[in-house]
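Notes follow once the structure below has been shown.
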Amino acid sequence: MKDFLKFTLATVTGIILSSIVLFIIGMVTLFGIMAASGTETIVKKNSVMILDLNGTLVERTQEDPLGILSQLFNDDSNTYGLDDILSSIKKAKENEDIKGIYLQANSLGTSYASLQEIRNALLDFKESGKFVIAYADSYTQGLYYLSSAADKVLLNPKGMIEWRGIASTPLFYKDLLQKIGVEMQVFKVGTYKSAVEPFTATEMSPANREQVTAFISSIWSQVTEGVSASRNIPVDSLNAYADRMLMFYPAEESVRCGLADTLVYRNDVRDYLKRLVDIDEDDNLSLLGLGDMINVRKNVPKDKSGNIIAVYYASGEITDYPGSATSEEGIVGSKVIRDLRKLKENDDVKAVVLRVNSPGGSAFASEQIWYAVKELKTKKPVIVSMSDYAASGGYYISCGADTIVAEPTTLTGSIGIFGMVPNVKELIDKIGLSYDVVKTNKYADFGNIMRPFSEGEKALLQMMVAEGYDTFITRCAEGRHTTKEAIEKIAEGRVWTGEAAKELGLVDELGGIDKALEIAVAKAGVEGYTIVSYPEKKDVLSSLLDTKPTNYVESQLLKSKLGEYYRQFSLLKNLKEQSMIQARVPFELNIK
């Protein structure tokens, strides 16, 4: 018994001491990485910036708390911030010791508008006389569009270039819901408001097919024209190559058709780059990754005027209040309102660029943000810069700005409102559940999903949706300085590309965030200024303390495992948390 107690005590002591040692090591590592993350990168002569794209693109990234959770779940996916990429390309252009950019195009989950913005940044970079070289074992269509801006497109001898055109393949849940006994009760305004179709139909309506055909054709036109200009290949030939599906031919055929310049194995690319920067093959090539470039100091003196041009990022679904699964990574109305009020009251802020990347969401939250933008505009210029999406609620919060800037491939418009409430009576009948009700007034149990809506309830909801649509139309008319009748002609829930939206007057200028900043500076009338991004990014320690493991498992691990099916999973999971009245584009556009 004495030996057992000794052994137990020794084991407990060992566990306690090991825990203390591991805690100390962990804290030392934490603070070491925190200190290193802010260390300035020293650029060596004849350096090359490497843009290694293999993961997912977002508007802005937050600090990954040491990658501990990534390692714990064996998650090797990468998340890149568009802001970091654009800033790094600009710094590489300005730095004399960086001779070029090496674009390693593996895989990137993003939309064509973001690719177009990066592509334009690369074209601007080339104006400095420096080189851009692209390589991939196999190019996805989107990354080939991006890479076609390079001086040379390198391809693995056994690789391929995906070049097939653009398709939209939405999923429909009606039959699935019908089988389990769920009916979606829909109330909408707008012939083209197709967000509800996946729940009420088994194929696209003629109106939806018309609008989808129009906007994917517009995007494909932008893609082919861009590639044509960079590769000196006629658009007709590019369409012919798409119809041939060159990806199934030997790689030599892509070279013969002009899509690629050279076939080379990945191991030989470094020697190819060494020759471009004129160093010996035995010398080390200095490659600066995105993480290094973030810490490269800009070649501009620090502004001392105190003037600020604010860039406020509003990205994701629009929700009313924090707490929902969708609000964690989205636009929370209550928070945005508070932040915009602070920018309004800050006299150092001379203009605000509102960067919008949103398919919409809660109509109520959209109205509140619209009002906050309107109030902000009374004190200083507000310029909207649209990213991949700024549609429905995303357009709602944008329409009151002084100027709206969008990429030609941005999806916007979709001016319309809908409401959707499930009826699970058939489901509860199937599984043997029943319910009863006692109420004091006619509509006391309104919203009970255990039964279908009565005719009176349907009329009330439709009236509310119609009123919301009329308000949306009014806001757009006021913001765009036109009549409600003019907006109604291009509304009806129809989605437009930025290119079409400019012709219709929904957008003022075509371009990216740099264009929006240029306009903001001009309207602010300042010479000296500093660009400051909001909301402020969390540091490593704050991110670590705020990270909830359960949310990380869902948002990171499931994304990496489910891939393109994660959005459908997320949609069904969070459907119960959606606001009853929505201003948003289709839940899943599914453009490929």
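Here, residue 1 is the first one in the sequence, and each next residue gets the next number.
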* **Donor + acceptor pair across side chains of Ser385, Lys515 (<3.5 Å)** => no

* Looking at residues at least two apart in the chain, or sitting in another chain, which of them share a side-chain contact (heavy atoms from CB on, under 4.5 Å) with Ser366? -> Ile318, Tyr396, Ile397

* To do: Kindly say whether Met160 contributes a backbone atom to a donor-acceptor pair with the side chain of Ser138 at under 3.5 angstrom?
  => yes

* Would you give the length of the straight line joining atom CG of Asp283 to atom CG of Asp280, rounded to the nearest 0.5 angstrom? => 4.5 Å

* Who pairs with Lys502 by salt bridge (charged side-chain N to carboxylate O under 4.0 Å, His left out), at least two apart in sequence or on another chain? -> none

* Do Val405 and Leu510 come within less than 4.5 Å of each other through their side chains, counting heavy atoms only? -> no

* **Distance flag, aromatic centroids of Tyr534 and Tyr312, threshold under 6.0 Å** => no

* **Distance, nearest 0.5 Å, that separates CG of Leu273 from CD1 of Ile50** => 8.0 Å

* To do: Please identify each residue that fulfils side-chain contact (heavy atoms from CB on, under 4.5 Å) with Asn232, with sequence neighbours left out.
  => none

* Do Ser221 and Glu225 meet the criterion of a side-chain donor-acceptor pair at a distance under 3.5 Å? -> yes

* To do: Report the residues that fulfil side-chain contact (heavy atoms from CB on, under 4.5 Å) with Lys174, sequence neighbours left out, ordered by chain and then residue number.
  => Thr202

* Structure fact -> Scanning both residues in full, the closest heavy-atom pair of Ala134 with Ser147 reads CB-CB, 3.6 Å

* Asked: For the side chain of Tyr102 and the backbone of Leu287, is there at least one donor-acceptor N/O pair under 3.5 Å apart?
  -> no

Identify each donor-acceptor pair in which a side-chain atom of residues 255-262 lies under 3.5 Å from a protein atom, sequence neighbours left out, and give them as a table.
unit_1: Arg256; atom_1: NE; unit_2: Glu253; atom_2: OE1; d: 3.2
unit_1: Arg256; atom_1: NE; unit_2: Glu253; atom_2: OE2; d: 3.3
unit_1: Arg256; atom_1: NH2; unit_2: Glu253; atom_2: OE2; d: 2.8
unit_1: Asp261; atom_1: OD1; unit_2: Arg231; atom_2: NH2; d: 3.2
unit_1: Asp261; atom_1: OD2; unit_2: Val153; atom_2: N; d: 2.7
unit_1: Asp261; atom_1: OD2; unit_2: Arg231; atom_2: NH1; d: 2.9
unit_1: Asp261; atom_1: OD2; unit_2: Arg231; atom_2: NH2; d: 3.3

* To do: Determine whether the side chains of Ser114 and Asp388 contain a donor N or O and an acceptor N or O closer than 3.5 Å.
  => yes

* Asked: With distance as the sole criterion, is a donor-acceptor pair present between the side chains of Ser362 and Gln582 under 3.5 Å?
  -> no

* Atom of Leu290, atom of Ser88 and distance for their closest heavy-atom approach -> CD1-OG, 3.4 Å

* Does Arg244 CZ have over 12 foreign heavy atoms under 6.0 Å away? -> yes

* If you draw a 6.0 Å radius around NZ in Lys126, do more than 12 non-hydrogen atoms from other residues or ligands fall strictly inside? -> yes

* Check: Leu123 and Phe125 side chains under 4.5 Å, non-hydrogen atoms -> no

* To do: Please identify each residue that fulfils ring pair (Phe, Tyr, Trp, His ring centres under 6.0 Å) with Trp163, with sequence neighbours left out.
  => Tyr144, Trp220

* Compare every heavy atom of Ser533 with every heavy atom of Tyr313, then report the nearest pair and how far apart it is. => CE1-OG, 3.9 Å

* Hey, is the main chain of Ala214 close enough, under 3.5 Å, to the side chain of Ser218 for a donor-acceptor pair? -> no

* Asked: Do Leu115 and Ser111 have side chains that get closer than 4.5 Å, going by heavy atoms?
  -> no

* **Side-chain donor/acceptor of Thr140 to backbone N/O of Leu143, under 3.5 Å** => yes

* To do: Provide the full list of salt bridge (Lys or Arg N to Asp or Glu O under 4.0 Å) pairs with a residue in residues 155-170, sequence neighbours left out, each pair given once.
  => Glu162-Arg164

* Residues in salt bridge (charged side-chain N to carboxylate O under 4.0 Å, His left out) contact with Lys45, at least two apart in sequence or another chain -> Asp97

* **Under 3.5 Å donor-acceptor, Asp292 side chain and Gly289 backbone** => yes

* Structure fact -> Here the pair of heavy atoms bringing Tyr395 nearest to Leu506 is OH-O, 2.9 Å

* Verify, without hydrogens or angle tests, whether Lys130 (side chain) and Ile98 (backbone) share a donor-acceptor contact under 3.5 angstrom. => yes

* To do: Using the test salt bridge (charged side-chain N to carboxylate O under 4.0 Å, His left out), find all partners of Lys93 that sit at least two apart in sequence or belong to another chain.
  => Asp124

* Asked: Does a side-chain heavy-atom distance below 4.5 Å link Asn46 with Asp278?
  -> no

* Asked: Got a donor-acceptor contact below 3.5 angstrom from the Arg119 side chain to the Tyr145 backbone?
  -> yes

* Structure fact -> Taken to the nearest 0.5 Å, the spacing of Ile101 CD1 from Met49 CE works out to 5.0 Å

* Check against side chain to side chain contact (heavy atoms under 4.5 Å, CB included), Leu263 and Glu252 -> CA-CA 8 Å; Leu263 300 181; Glu252 289 79 4; 3.7 Å; yes

* **Under 3.5 Å donor-acceptor, Lys193 side chain and Ser414 backbone** => yes

* Asked: Does Arg266 have any side-chain contact (heavy atoms from CB on, under 4.5 Å) partners at least two apart in sequence or in another chain, and if so, which?
  -> Gln104, Asn106, Tyr135, Asp137

* According to the side chain to side chain donor-acceptor pair (under 3.5 Å) rule, which pairs have a member within residues 403-412, sequence neighbours left out? -> Gln116-Thr409

* To do: Taking all non-hydrogen atoms of both residues into account, name the closest pair between Ile166 and Ile216 and its distance.
  => O-CD1, 3.7 Å

* Distance, nearest 0.5 Å, that separates CD1 of Ile233 from OG of Ser228 -> 7.5 Å

* Asked: Does one side chain, of Arg494 or Thr191, offer a donor that lies under 3.5 Å from an acceptor on the other?
  -> no

* **Exam field: side chain Glu492 to backbone Tyr192, donor-acceptor pair closer than 3.5 Å** => no

* Quick one: CG on Leu411 to CD1 on Ile219, what's the gap to the nearest 0.5 Å? -> 4.5 Å

* Do Tyr80 and Asn54 have side chains that get closer than 4.5 Å, going by heavy atoms? -> yes

* Do other residues, nucleotides or ligands put more than 12 heavy atoms under 6.0 Å from the NZ atom of Lys152? -> no

* Specify the closest pair of heavy atoms between Met184 and Thr200, including all atoms of both residues, with the distance to one decimal. => O-CG2, 4.3 Å

* Below 4.5 Å, heavy atoms only, C-beta onward: do Leu82 and Val58 meet side chain to side chain? -> no

* Can you check whether Leu155 reaches Val264 side chain to side chain, under 4.5 Å on heavy atoms? -> no

* Asked: Going by atom types alone, do Ser194 and Asn208 pair a side-chain donor with an acceptor below 3.5 Å?
  -> yes

* **Donor-acceptor contact below 3.5 Å, side chain Asn357 vs main chain Tyr389** => yes

* Any side-chain heavy-atom pair of Ile331 and Glu317 under 4.5 Å -> no

* Asked: Roughly how far, to the nearest 0.5 Å, is the CG atom of Leu103 from the CG atom of Leu154?
  -> 10.5 Å

* Arg355: what forms a salt bridge (charged side-chain N to carboxylate O under 4.0 Å, His left out) with it, not counting sequence neighbours? -> Glu59, Glu117

